[in-house]
Visitor: 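Structure incoming, see below.
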Amino acid sequence: MAQAKPKFYLTTPIYYTNGLPHIGHTYTTVVADTVRRYKRMQGYEVVMTTGTDEHGVNVERAAQKAGVPESEFVAQMAEAWRALWEELGVPADEFIRTTEVRHARTVQWLFKLFRENGFVYPGHYTGQYCIYDNAYVDVKPGENCPDCGRPTETVTEENYFFKLSAFEKPLLDLYKKNPTFIQPETRRNEILSFVEGGLRDLSITRTSIRWGIPVPGEEPHVFYVWFDALTAYLSAVGGPEYERRGFWPADLHLVGKDIIRFHTVYWPAFLMAAGLPLPKQVWAHGWFLIDAGKMSKSKGNVVLPRPIAQVLGMDALRYYMLRETVFGQDGNFSFDALVTRYNADLANGIGNLSNRTLTMIQQYCGGRIPQPTPGHTESSANTLRTMFRPTIWMVVGNAESGDKGHYNTLQFSSALQDIARLVSHVDAYLVQEKPWVLAKDEAQKQRLADVLYDSAEALRIITVLAHPVLPEATKEIWKQLGQPGTLEEQRIDQLDWGQLKSGTRIGTIQAVFPRMDHQEAIGRMEAMESETQKPVAAPAASDGTVASPSGAAAQTAPEKIAIEDFAKVEMRVGQIKTAERIVGADKLLKLTVDVGSEVRQICAGIAQFYEPESLVGRKVVVVVNLAPRKLRGVESNGMIVAASVGPEGRPVLAAFTEDVEVGARLK
RNA sequence: GCCGGCGUAGCUCAGUGGUAGAGCGAGGGUCUCAUAAUCCCUAGGCCGUGGGUUCGAUUCCCCCCGCCGGCACCA
């Protein structure tokens with residue numbers, strides 16, 4: 001009878017269905033997938049959940065806008081998310097949707113436990129509410145939402161309150177007793193000071209929202225989205241019957257640093273109130289910054305995973321995400337660095353090593369893993385063995401290190417750095433031993449066998465170690481190595497030098513990470529990114545500048561227009577007469593522009609990059625037959641043409657190198 | 001405003017109380033099994049500025065400058 005495997009449960013957040021996954025979401029999910037694969041290779045039975053958060057006013061509105069019922073809208077969104085994770089090779093073991101019955105049951109059950117245990121009470125809540133962010137915000141009446149800048153509404157409603165204040169002490173005890181409950185350290189300190197500052201009770205129901213899980217017997221109360229969403233972690237593994245499946249409590253909640261509070265304060269408090277076991281750890285990772293700035297839809301610098309997966313492969317994106325940044329900290333994202341990493345570490349590194357090793361076995365050993373000299377593999381004089389063993393322990397941990405290997409502590413960048421060093425060692429070993437020279441001398445046959453066995457063994461170990469991060473490529477190498485069994489079932493915690501089987505026939509050799517032309521790869525990815533995001537990019541023109549895609553993106557403009565279409569756009573040379581900032585607008589300048597026939601007032605979204613004074617007298621290109629519109633209450637009658645440069649879309653005004661007459665038409 | 005972090009070689013970043021490291025890039029060399037790949041050598045950088053503690057600080061403390069984050073529900 002097979003022994004029951006230990007269980008491991010980890011989660012990503014359930015994602016809000018107001019858009020599609022970008023690399024931020026992908027990051028969390030990739031990390032989760034990597035941990036899942038690693039844990040399975042340690043012999044755990046693992047469940048990883050992700051899912052969709054489908055309630056709240058935003059969804060209500062988005063559905064309305066789309067002209068479909070909410071249920072239909074969220075069904076489509078949920079399917080899109082689920083399918084994308086599948087496509088990217090990071091599917092959930094349990095995909096949980098907050099509109100599922102099993103989830104509603106759990107939420108209602110939890111609330112019932114709160115009531116029974118005396119942790120909820122009815123009350124009134126009055127506050128400024130941002131209907132766009134679906135949240136109460138801490139501003140005075142009449143002020144705009146500090147986050148999104150849009151108007152807030154004063155709302156008073158009857159709510160059920162959760163006695164969060166009762167858990168101040170228990171939470172602090174939890175953090176103290178379990179110092180690694182919140183990771184990394186900096187986030188722990190932040191939460192510590194937040195909780196020490198005192199906790200206010202939390203309203204966990206709403207009457208202002210219709211699209212949510214009803215509070216039984218208390219209609220029209222529905223549950224507040226965060227209470228609803230957090231509970232999904234429990235619903236996914238059995239809800240009220242969680243004990244039967246045996247996966248609760250979660251071993252690991254992976255979250256972005258922005259939602260750490262919900263997971264380390266509210267969520268454990270909810271569970272305490274219900275008398276349920278607490279998750280073991282919450283890990284908050286950082287963000288990928290684009291040009292040192294936050295990625296956001298409004299900036300139009302959102303990077304989507306699919307183009308990267310299609311050009312370089314998911315393994316490349318996974319490797320980049322996990323290698324480039326110390327887990328927990330923010331990192332920089334750029335296509336340039338991505339392709340550099342791909343070529344340097346994957347193509348020239350592990351890919352090339354696999355290729356050269358297998359090719360030599362093919363050519364010099366008849367395509368079979370050679371038989372080393374007896375005793376050679378175990379010999380402490382075996383240089384690769386001597387190098388490899390300590391690194392294996394560093395990466396996967398062992399009893400001596402208290403199991404604190406890099407993977408165990410989620411130090412992926414260190415793990416990958418160590419693996420890269422192993423690759424480099426083997427390359428150096430090959431240059432030193434020169435099997436291609438040994439192959440020419442019949443007397444060196446056994447020596448050749450030893451060298452190539454060692455190289456292949458090294459490759460096998462590298463493949464096993466890298467598998468959690470590079471699942472596709474390592475499976476391919478495993479196949480080419482011709483080893484018995486699947487790579488997934490290899491026990492990474494029992495990995496040691498000398499386990500490679502001799503005599504097995506290797507598979508068909510094929511490059512796993514073909515080297516990419518740097519510029520071409522970047523161009524293709526950028527073109528695909530801007531292609532996908534066209535609906536997002538288009539509204540950028542409404543701020544008074546014409547954004548034209550730069551670089552490679554421009555070359556792939558899919559739809560051609562006729563000359564008549566172009567003729568519809570009347571562009572003329574204009575000269576800026578006055579320029580001033582618009583109060584309350586960061587980006588907008590109010591310009592008056594002489595277009596020959598008249599002087600127009602035009603607003604342009606260039607204030608962050610141009611000083612008003614420097615613009616006066618400057619000649620620019622103006623679209624003069626654009627329908628007028630108001631921006632920030634100021635009439636804009638036309639559009640200034642500018643290039644949109646870089647991922648942040650910095651505007652650069654179009655200009656002439658020769659003198660031109662004001663009013664001249666462009667065609 | 002309150003709290004916290006960061007500022008180290010051209011770039012991206014590690015790191016340590018005893019006067020500094022990696023990868024990439026660049027330059028030179030080498031090999032030919034390999035994906036014009038590998039391997040070897042080469043970076044001499046006031047470890048942001050100024051002060052303090054110490055036998056000794058890049059590493060500990062304080063001030064200042066610059067950048068960033070949390071408090072303010074986009075991974």
Side-chain angles (χ1 to χ4, degrees), chain A residues 12-13 15-16 18-19 21-32 56 58 130 133-139 145-148 185-187 189-194 196-197 224-226 229 254-262 266 284-289 292-298 302 321 323-326 329-332 334 336-337 340-341 343-349 351-364 413-414 416-417 420-421 423-439 451-452 455 509-516:
Chain A
T12 78
Y15 302 110
Y16 203 67
N18 60 347
H22 56 239
I23 57 163
H25 308 103
T26 309
Y27 182 40
T28 318
T29 310
V30 158
V31 169
N58 281 325
C130 176
D133 291 347
N134 208 5
Y136 282 96
V137 292
D138 189 17
V139 295
C145 172
D147 195 52
C148 68
E185 197 70 24
T186 47
R187 300 297 154 204
N189 293 338
E190 279 173 19
I191 293 301
L192 225 53
S193 69
F194 173 78
E196 279 165 354
Y224 171 52
V225 286
W226 267 105
L254 289 165
V255 299
K257 63 181 183 179
D258 50 310
I259 54 174
I260 183 77
R261 224 172 75 202
F262 298 95
Y266 303 167
H285 66 247
W287 281 328
F288 274 105
L289 306 176
K294 209 195 275 191
M295 180 167 55
S296 73
K297 262 196 213 169
S298 58
V302 174
M321 287 177 154
R323 172 64 235 266
E324 192 73 6
T325 307
V326 174
Q329 296 183 8
D330 287 348
N332 298 304
S334 76
D336 188 62
T340 299
R341 279 261 175 240
N343 277 332
D345 295 2
L346 298 178
N348 297 353
N352 184 240
L353 176 65
S354 167
N355 198 231
R356 69 193 302 205
T357 304
L358 291 163
T359 301
M360 285 190 280
I361 289 171
Q362 184 67 50
Q363 289 179 13
Y364 309 145
S413 56
S414 300
L416 291 171
Q417 209 171 337
R421 206 165 287 138
V423 171
S424 191
H425 276 140
V426 183
D427 277 328
Y429 174 78
L430 286 170
V431 168
Q432 188 194 318
E433 300 297 334
K434 300 187 180 48
W436 48 93
V437 175
L438 299 175
V451 169
L452 288 184
S455 308
I509 302 167
Q510 205 174 22
V512 285
F513 293 114
R515 195 180 166 79
M516 303 294 280

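So that the names make sense, note that chain A is the first sequence line, chain B the second, and so on, each numbered from 1. Hydrogens, waters and symmetry mates are skipped; everything else that's a heavy atom, side chains included, is used.
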Visitor: Distance between the C1' atoms of B:G45 and B:A37, in whole angstroms?
Guide: 31 Å
Visitor: Would you say A:Asn189 places a side-chain N or O within less than 4.0 Å of OP1 or OP2 belonging to B:G70?
Guide: no
Visitor: Measuring only the C1' atom in each nucleotide, how far is B:U19 from B:U42? A whole number of Å is fine.
Guide: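 Each nucleotide's C1' atom is 23 Å from the other's.
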Visitor: For nucleotides B:A20 and B:G56, find the distance between their C1' atoms and express it as a whole number of Å.
Guide: 16 Å
Visitor: Which word best sums up how the rings of A:Phe262 and A:Tyr266 line up, parallel for under 30°, tilted for 30 to 60°, or perpendicular for over 60°?
Guide: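 Correct class here is perpendicular.
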Visitor: Given B:A75, B:A34, B:A72, identify the nucleotide with an atom nearest to the side chain of A:Arg261.
Guide: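 Closest nucleotide among those given: B:A72.
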Visitor: If the cut-off is 4.0 Å, is A:Ser424 near the phosphate of B:C39, judged by side-chain N/O to OP1 or OP2?
Guide: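 Yes, such a contact exists.
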Visitor: Taking the C1' atom of each, how far is B:U49 from B:C55, in whole Å?
Guide: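 After rounding to an integer number of Å, I get 26 Å for this pair.
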Visitor: With a 3.5 angstrom cut-off on both distances, give the Watson-Crick or G-U wobble partner of B:G66, or none if there isn't one.
Guide: B:C6
Visitor: Under 4.0 Å between a side-chain N or O of A:Arg356 and OP1 or OP2 of B:U35?
Guide: no
Visitor: Backbone N or O of A:Ala347 within a donor-acceptor pair of the A:Asn352 side chain at under 3.5 Å?
Guide: no
Visitor: On a whole-Å scale, what distance lies between the C1' atoms belonging to B:U58 and B:A9?
Guide: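 Straight-line distance between the two C1' atoms is 14 Å.
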Visitor: Starting at the 5' end of RNA chain B and moving along, which residue's nearest nucleotide shows up first, A:Ile259 or A:Ala511?
Guide: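 That would be A:Ala511.
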Visitor: Counting only Watson-Crick pairs (N1-N3 plus N6-O4 or O6-N4) and G-U wobbles (N1-O2, O6-N3), all under 3.5 Å, who is the partner of B:C13?
Guide: B:G21
Visitor: What closest approach, in Å, do A:Tyr15 and A:Thr29 show between heavy atoms, and which atom pair accounts for it?
Guide: OH-OG1, 2.7 Å
Visitor: Between A:Asp330 and A:Val431, name the one whose nearest nucleotide on RNA chain B is closer to the 5' end.
Guide: A:Val431
Visitor: Quick check for you: among B:C71, B:A34, B:U12, whose closest atom lies nearest to any side-chain atom of A:Asn332?
Guide: B:U12
Visitor: What is the base-pairing partner of B:G45, counting Watson-Crick and G-U wobble geometry with both distances under 3.5 Å?
Guide: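 B:G45 is paired with nothing.
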Visitor: Less than 4.0 angstrom between a side-chain N/O of A:Gln329 and OP1 or OP2 of B:A14, yes or no?
Guide: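 So the side-chain polar atoms of A:Gln329 do come within 4.0 Å of the phosphate oxygens OP1 or OP2 of B:A14, strictly under.
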Visitor: Applying the Watson-Crick and G-U wobble criteria at under 3.5 Å, what pairs with B:C60? Answer none if nothing qualifies.
Guide: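 Per the H-bond distance test, B:G52.
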Visitor: How close do A:Leu430 and A:Pro435 get, heavy atom to heavy atom, and via which atoms?
Guide: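 In this case the closest contact between A:Leu430 and A:Pro435 is O-CD, 3.4 Å.
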Visitor: Closest approach to the side chain of A:Met360, judged atom by atom: which nucleotide of B:U12, B:C33, B:A75 is it?
Guide: B:C33
Visitor: Hunt down the Watson-Crick or G-U wobble partner of B:C71, both distances under 3.5 Å, from any strand shown, or write none.
Guide: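 Matched B:C71 with B:G1 under the 3.5 Å cut-off.
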Visitor: Can a donor-acceptor pair be found, under 3.5 Å and without considering hydrogens, that links the side chain of A:His285 to the backbone of A:Val255?
Guide: yes
Visitor: How far does the P atom of B:G18 sit from the matching atom of B:C2, given to the nearest Å?
Guide: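 Rounded to whole Å, the distance is 35 Å.
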Visitor: Distance between the P atoms of B:C46 and B:C11, in whole angstroms?
Guide: 13 Å
Visitor: Rounded to whole Å, please give me the gap between CG in A:Asn348 and C1' in B:G25.
Guide: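 About 14 Å, once rounded to whole Å.
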Visitor: So which nucleotide from B:C39, B:U35, B:C33 ends up closest to the side chain of A:Ala347?
Guide: B:U35
Visitor: Quick one: is A:Asn343 getting a side-chain N or O under 4.0 Å of the B:C24 phosphate, OP1 or OP2?
Guide: no
Visitor: Compare the minimum distances between each of B:C39, B:G69, B:C33 and the side chain of A:Arg187, then state the nucleotide with the smallest one.
Guide: B:G69
Visitor: Say we look at B:A72 and B:G25: how far apart would their C1' atoms be, to the nearest angstrom?
Guide: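 The answer is 41 Å between these two C1' atoms.
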